[in-house]
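Working notes, structure below.
A note on names: the letters A, B, ... follow the listed sequences, proteins ahead of strands, and every chain is numbered from 1. What you see below is based on every heavy atom in this structure, not just the backbone, and it leaves out hydrogens, waters and symmetry mates.
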Amino acid sequence: MNQASNFMPTPDQDVLEVKPLRTLAPMFPAPLGVNVFNQLTTSPLVFVAPAGQFPGVFGNSNHPAVRSFSAFGDQDKAISGGQTAAFSDQETGRDESAANGTPNIGANATGPIDATPMSAYKSTQPSVISLDNDDNDDEPYAGNQTSASGRNIKRPSHLSEYNMSDSLGSDSSNGTKIKRPKSSYKTAAADNELSLTPSSNPREIVEVVLMTFEALRRRHLQLDETQETSKRADLKAGAIMMASNLRANIGKRIGTVPGVEIGDIFYFRMELCIIGLHAPSMGGIDYMNAKFGDEDDSVAICIVAAGVYENDDDDTDTLVYSGSGGISRNNEERHDQKLERGNLALERSLSRKNVIRVVRGYKDPACLTGKVYIYDGLYKIHESWKEKTKTGINCFKYKLQREPGQPDGVAIWKMSQRWMENPSARGRVLHPDLSSGTENLPVCLINDVNSEKGPGHFTYITQVKYFKPLSSMKPFQSCRCLSVCLPGDPSCVCAHHNGGDLPYSSSGLLVCRKPMIYECSESCQCSFNCRNRVSQKGVRIHFEVFRTTNRGWGLRSWDAIRGGSFICEYVGEVVDDTKVNLDGEDDYLFRTVCPGEKTLKWNYGPELIGEQSINISADTFEPLPIKISAKKMGNISRFMNHSCTPNVFWQPVQFDHGEDGYPHIMFFALKHIPPMTELTYDYGDIGAEFSGVGSNRAKNCLCGSSNCRGYFS
DNA sequence: GGCACGTCACACCG
DNA sequence: CCGGTGTGACGTGC
């Protein structure tokens, strides 16, 4: 289905008919006074905690006491009361609009709104998703909410003051800066546009923030390609997040950051910034004023070790960190590092013996130019000295030692990197390759839990078996692009199919979840290197099938997987309905059941830049007729377990035939997935379909998420 | 390899 | 003593 016909808000779009998504972009804040939001059918950025939908037995069984929220610092007292009331309502299930006193945006948006579209999004409730940090009992140094200068932190926010139309418009030659307005925070607090209602689960808040950032970044990347605008989509996305206060853990703190776990991986400095892990978007040392008894001291709280001064490779518990400064900007003279700012803070931390978060940066093995940042937990400085560098300046050195008793972070990363270089280094291997060489990379079988020798018998296949031959199916419409399909090419039929843009970024990341993605096919003129061929090329990840403790066999990866990456296809036999019923129970049956909120909201971002949400809501979701059974034959995806807090989602993809009811089911990463993390997707809610006769389909869920629904289909 | 960029802390000002 | 504003320092990502 071509969505183009749905959004044609302005008359001048006639000339751009083949690129409907692009024409939507410059509309913010509706410079022509034309409302672009009246097509919205879903509320922007309204987050309903899944637990809230399933009150009672399962919803909050393993929650600690529901935590109340306060806004950052104390400057928002005026609104924090309302916020608390809204957020602590989770036990009872929720009616979003009633709970927070916000007009239902979805309802508003179905009717025409004129002139000032963003006002439709304004809520009385701030979108600030910060957490109290005073519940860290194990934290001896209560981080106060002030900056190092001792002042409260300001958070101005008024998205509608930004002229996004310039930065996104095709007539802009070099883009427009997204400037933070200088309005006072009081105005800002009252005027927050986005009701990104958090759950009380800090992890979930962090994930939503990161997911939104990524969605924005990918979309900006896509827009930048078709226009000659400046690059740095990461900064643009970051600026929007900062401006609309879509951040977690605002306010500095010593020690752990709620919702951030050791081993978490990041691909941009801005990500560290918006989740409150490391505030400076550039500097390596984050520090703050903290109270030590009666005294104040400015101490370091987090460092990013860029990986330049890599030391002992085997000793992941020690880190020698160099102070900052000394390297001049524009060929000015180098000078010795000074004991000020960050360097001074590190020195103070040595004597105060406070814990310091450490983020280690490495070259991204999957991307030649990229970098990956790994949160490695808490360290303490044990020693400091001065040293002359090769360039002849004096610099400070700090020796940090990892605090004992923490789970492995960087150690896991390094270990799995070693396995990829030398798979025989992986111990406890039951089988070196389940696929017997049919996949691009071997899939090993591991059991380090019990004595079970492996999963039940099945035949490993790498391609879906349809019940009728491909040749008898409706043919795929192909493009005539020479060499490769290029973004912004109006004559590319495949781009047109996908709503005007190529669905993948140049590095192969899916930009947006959609009802259907059309990759280029064999019948297309473009080469195999065309960027619109991603999932058809098969797996690129080192998988291992492993024994879980309580959920049978599972799937995980040695590679770190970046959010939006293709993971694998659900391979098996396509079965028809009559057969499904005859066979009875089939634990390996894939159906396109409506997944949970998290999966549906993967495209969070577009609303923030005034585009129509491509999200499908649970109400409008329609399952496809395709059903795939991997009971007798299948691939790695048959081992992927269900989770109510998944890190993978499925996405229908077409490329070898034209029958949209029977697409390929491809899995993509919902978020960045550290190595050795179990891959899970949401099997979906049983819903009405199976509540009657076939209700034996519902299974008890063991995913262990705090927002676990308790069952799945 | 060079360029352009955003944020924060702090100095400064009225 | 404030609240607001200007600016240097900070590397990053392309």
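Regarding contacts with the backbone of C:dT12, a side-chain N or O of A:Arg269 is found under 4.0 angstrom from either OP1 or OP2.
We find that CG of A:Asp286 is positioned 15 Å from C1' of B:dC10, with the value rounded to whole Å. Atom P of nucleotide C:dC10 and atom CD1 of A:Ile303 are separated by 16 Å, given to the nearest angstrom. Separating the CD1 atom of A:Ile240 from the P atom of B:dT7 is a distance of 11 Å, rounded to the nearest angstrom. Atom CG in A:Leu272 sits roughly 18 Å away from atom P in B:dG6 (whole-Å rounding). Rounded to whole angstrom, the span from the CG atom of A:Leu235 across to the C1' atom of B:dC5 amounts to 6 Å. Per the geometry, CZ belonging to A:Arg232 stands 9 Å off C1' belonging to B:dG6, to the nearest Å. Residue A:Leu344 contributes atom CG, which lies 15 Å from atom P of B:dA9 at whole-angstrom precision.
When each of A:Glu340 and A:Tyr373 is assigned the nucleotide of DNA chain C bearing its nearest heavy atom, the one mapping closer to the 5' terminus is A:Glu340. Nearest-nucleotide mapping onto DNA chain C: of A:Arg217 and A:Ser324, the residue sitting toward the 5' end is A:Ser324.
Looking at A:Arg531 and A:Glu225, a side-chain N of the basic residue comes within less than 4.0 Å of a carboxylate O on the acidic one, giving a salt bridge. Using a 4.0 Å cut-off between charged side-chain N and carboxylate O, A:Lys236 and A:Asp224 make a salt bridge. Of the charged side-chain nitrogens involved, at least one lies within less than 4.0 Å of a carboxylate oxygen, so that A:Glu295 and A:Arg352 count as a salt-bridged pair.
Contacts of A:Thr369 with the nucleic acid, taken as non-hydrogen atoms under 4.0 Å apart, are absent.
When each of B:dC10, C:dC14, B:dC8 is scored by its nearest atom to the side-chain atoms of A:Lys252, the top-ranked nucleotide is B:dC8. Side-chain proximity of A:Met242 to the nucleotides B:dA9, B:dG6, B:dC8 is greatest for B:dC8.
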*Checking side chain to side chain donor-acceptor pair (under 3.5 Å) for the pair A:Gln337/A:Ser324: CA distance, chi angles, key distance, verdict?*
CA-CA 7 Å; A:Gln337 290 185 348; A:Ser324 73; over 6 Å; no
